[in-house]
K.L.:
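Let me begin by handing over the structure; questions about it come next.
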Amino acid sequence: MSVSRGASERARVPATVRRRMQPRAGTLAASLGPAVRAELAEAGIWLALVAFGLAGTALLASTDISLGCPRPPWHDGWAPRLDPLVVVPLAVAATVIALTAWWASTIRPPRSVAFRLPWSVLLLLGYLGSLAFSLALALVTPGDLAAGLRAPADLLAAAGAVGDDPLGRLAAYTSTTPHAAAGSVAVLPAHPPGPVLATWLLTRAGLHGAVPIGVLFTALGALTVPVVCVAVRSLCHETAARRLVPVLVLAPWSVWMAASPDAVTAALAALAVAIGVIGCEPERRSVWWALASGLLLGLAALFGYAPVWLGVAVAAAYFVRRRPLLNVITGLGALLPLWLFYAWGFSWPDGLALASAPRPSVGAALAWIFLDLTVVVLATGPLAVRAARRLRLTPGWPFLVGATATMLFAVTLGLAEGGTERTWLPVFPWLLVAAVAPRPRPARPGDRLQAGSLPVILVSLSAIGALGLRLCLGGPAT
């Protein structure tokens with residue numbers, strides 16, 4: 001009888017009041033518990049991969065296999081240390097993580113977002129965050145305070161040797177540049193003449209000194225973050241692009257973005273992909289966009305040999321949006337800068353032959369494949385595990401196809417062995433696009449409101465990984 005009386009009393013209580021009287025602990029555990037457990041599991045997988053890669057690297061270093069690199073997989077070597085200036089990048093990372101966690105806490109399912117910055121403001125914050133984190137990490141480089149902000153010495157020397165005859169330098173580039181050797185990350189011959197001519201133009205414009213040029217390279221490279229997010233917004237949806245911003249800002253590859261000409265290559269390649277993807281949207285006049293995308297791809301090919309294969313991402317986007325004829329326009333646009341430089345005396349295929357490091361044995365080739373994959377695991381951080389687990393869920397798969405094609409091209413030709421962390425900078429951001437794919441897949445096709453949860457734990461571990469790398473690695477070669 002007491003049971004029936006209690007039931008009748010509960011029946012007289014309004015439903016809204018009963019919902020308020022229910023404890024919320026179970027709801028929070030149900031909503032946050034699985035997400036947290038998934039992040040911890042992915043973090044554990046990444047740490048296991050890191051341990052396996054470092055153990056394998058140590059084993060390869062102790063063998064008789066000639067790798068051309070005294071302390072693989074890094075050309076700069078290992079130099080574990082403690083640096084009090086680490087508080088600077090730590091403060092930047094903590095600020096980004098705090099804002100990210102606050103943003104995550106204001107999201108209420110299923111469709112209302114309480115905290116929504118204007119898209120342009122978020123892109124600006126992403127750029128500033130990437131620039132600040134890269135500059136802060138550069139302060140922890142071994143040597144004096146500006147050691148990590150100096151442009152490569154061989155790049156400055158080559159630009160100084162151009163003198164008043166840039167066309168003569170172009171014509172003599174492949175005949176005077178020595179063949180690449182495994183383990184070398186010198187700008188020459190691992191790169192086309194684009195970085196040399198760009199540095200020469202900067203000095204002619206009045207920008208002198210290794211540090212000012214290095215800072216400018218860093219500022220240009222930081223544009224990669226907002227540009228990649230713009231491309232993801234077009235091909236995926238805005239929610240995914242917004243959640244990708246902190247993922248890219250605190251990625252471990254920020255360690256190598258400072259003062260690197262490859263950071264400029266990354267920005268150029270990202271801009272080429274973004275313009276191609278945006279230009280093939282149904283409401284746009286795609287011809288001029290496709291031509292601009294091709295021109296930028298060709299320009300990126302004059303800064304690095306492998307990034308031109310990111311054009312595969314543009315071709316795949318044309319396929320998705322049923323605009324196959326745009327491939328012809330983009331392809332012709334990409335060839336125009338190469339034809340122009342050929343008319344001035346530089347043969348891109350001959351330069352590629354110089355940049356391809358010869359492998360002395362099959363064992364060395366397999367060893368470098370393992371070392372390159374280890375670098376990818378460390379440079380992309382724990383978000384790479386989440387991205388790998390969600391590959392089939394993302395509409396941004398064209399980006400992944402382009403990045404994979406670029407990596408296969410570089411591995412096959414032996415490009416950048418011993419310098420993968422720098423020369424693969426144009427590839428790394430695209431490998432994490434799937435990390436913000438929704439799970440489960442949205443019920444409706446083209447759902448622009450759902451995306452993967454903000455992985456605050458993984459973003460935090462990614463920033464810690466970047467700090468750890470910077471404290472363990474030596475300084476850039478001079």
Side-chain angles (χ1 to χ4, degrees), residues 155 158-159 161-177 179-180 187-202 204 220 261-262 264-280 285-318 323-356 402 405-406 408-410 412-413 415-416 423 426-427:
L155 174 62
V162 172
D164 296 325
D165 188 16
L167 295 184
R169 175 59 179 162
L170 273 181
Y173 191 84
T174 55
S175 60
T176 59
T177 302
H179 201 288
V187 174
L188 306 179
H191 296 73
V196 175
L197 292 182
T199 304
W200 175 78
L201 287 174
L202 290 175
R204 288 283 170 155
L220 293 175
D262 295 294
V264 181
T265 310
L268 285 173
L271 189 59
V273 174
I275 287 179
V277 170
I278 294 173
C280 67
R285 295 184 176 181
S286 303
V287 173
W288 297 109
W289 289 80
L291 181 61
S293 175
L295 290 172
L296 285 168
L297 277 174
L299 187 59
L302 293 171
F303 275 73
Y305 291 105
V308 67
W309 282 88
L310 283 171
V312 175
V314 179
Y318 293 162
R323 312 293 293 275
L325 292 180
L326 295 180
N327 283 304
V328 178
I329 299 173
T330 299
L332 290 175
L335 289 174
L336 286 176
L338 302 184
W339 283 336
L340 181 60
F341 270 58
Y342 181 77
W344 288 341
F346 170 71
S347 171
W348 193 87
D350 291 345
L352 176 61
L354 288 176
S356 302
T406 305
L408 288 176
F409 177 77
T412 302
L413 272 71
L415 300 176
T423 53
V427 176

K.L.:
Would Asp262 and His191 count as a side chain to side chain contact (heavy atoms under 4.5 Å, CB included) here? Give the steps.
P.N.:
CA-CA 9 Å; Asp262 295 294; His191 296 73; 2.7 Å; yes
K.L.:
Looking at every non-hydrogen atom in both residues, tell me the closest pair between Gly276 and Val314 and how far apart they are.
P.N.:
CA-CG1, 4.0 Å
K.L.:
With side-chain contact (heavy atoms from CB on, under 4.5 Å) as the test, pick out the partner of Pro195 among Thr265, Leu155, Val264.
P.N.:
Leu155
K.L.:
Measure the spacing between CG of Leu335 and CG of Leu338 and express it to the nearest 0.5 Å.
P.N.:
6.0 Å
K.L.:
Could you grab the distance from atom CD1 of Ile275 to atom OG1 of Thr330, nearest 0.5 Å is fine?
P.N.:
10.5 Å
K.L.:
Supply the atom-to-atom distance Phe341 CZ to Leu167 CG, rounded to the nearest 0.5 angstrom.
P.N.:
9.0 Å
K.L.:
Going by heavy atoms in the side chains, are Phe303 and Pro261 under 4.5 Å from each other?
P.N.:
no
K.L.:
Is the closest side-chain heavy-atom distance between Pro193 and Arg169 below 4.5 Å?
P.N.:
no
K.L.:
What's the spacing between Trp288 CH2 and Ile329 CD1 if we round to 0.5 Å?
P.N.:
9.5 Å
K.L.:
Rounded at 0.5 Å granularity, tell me how far CG in Leu297 sits from CG in Leu302.
P.N.:
11.0 Å
K.L.:
How far does CG of Leu271 sit from CD1 of Ile278, to the nearest 0.5 angstrom?
P.N.:
9.0 Å
K.L.:
Test side chain to side chain contact (heavy atoms under 4.5 Å, CB included) on Thr423 and Leu415; report intermediate values, then the result.
P.N.:
CA-CA 8 Å; Thr423 53; Leu415 300 176; over 6 Å; no
K.L.:
Has the side chain of Thr174 got a donor or acceptor atom that lies under 3.5 Å from a matching backbone atom of Gly351?
P.N.:
no
K.L.:
Are the ring centres of Trp339 and Tyr342 closer than 6.0 Å?
P.N.:
no
K.L.:
Any chance CH2 of Trp309 has more than 12 other-residue heavy atoms, nucleotides or ligands included, within less than 6.0 Å?
P.N.:
no
K.L.:
Show your reasoning for whether side chain to side chain contact (heavy atoms under 4.5 Å, CB included) applies to Tyr305 and Leu354.
P.N.:
CA-CA 11 Å; Tyr305 291 105; Leu354 288 176; 5.9 Å; no
K.L.:
What's the verdict on side chain to side chain contact (heavy atoms under 4.5 Å, CB included) for Leu170 and Leu197, showing C-alpha distance, side-chain angles and the deciding distance?
P.N.:
CA-CA 9 Å; Leu170 273 181; Leu197 292 182; 3.8 Å; yes
K.L.:
Is Trp200 reaching over with its side chain to a backbone N or O of Gly163, donor-acceptor style, under 3.5 angstrom?
P.N.:
yes
K.L.:
Check whether any side-chain N or O of Thr412 sits under 3.5 Å from a backbone N or O of Phe409 as a donor-acceptor pair, and report yes or no.
P.N.:
no
K.L.:
Can you tell if the side chain of Ser293 reaches within under 4.5 Å of the side chain of Val273, non-hydrogen atoms only?
P.N.:
no
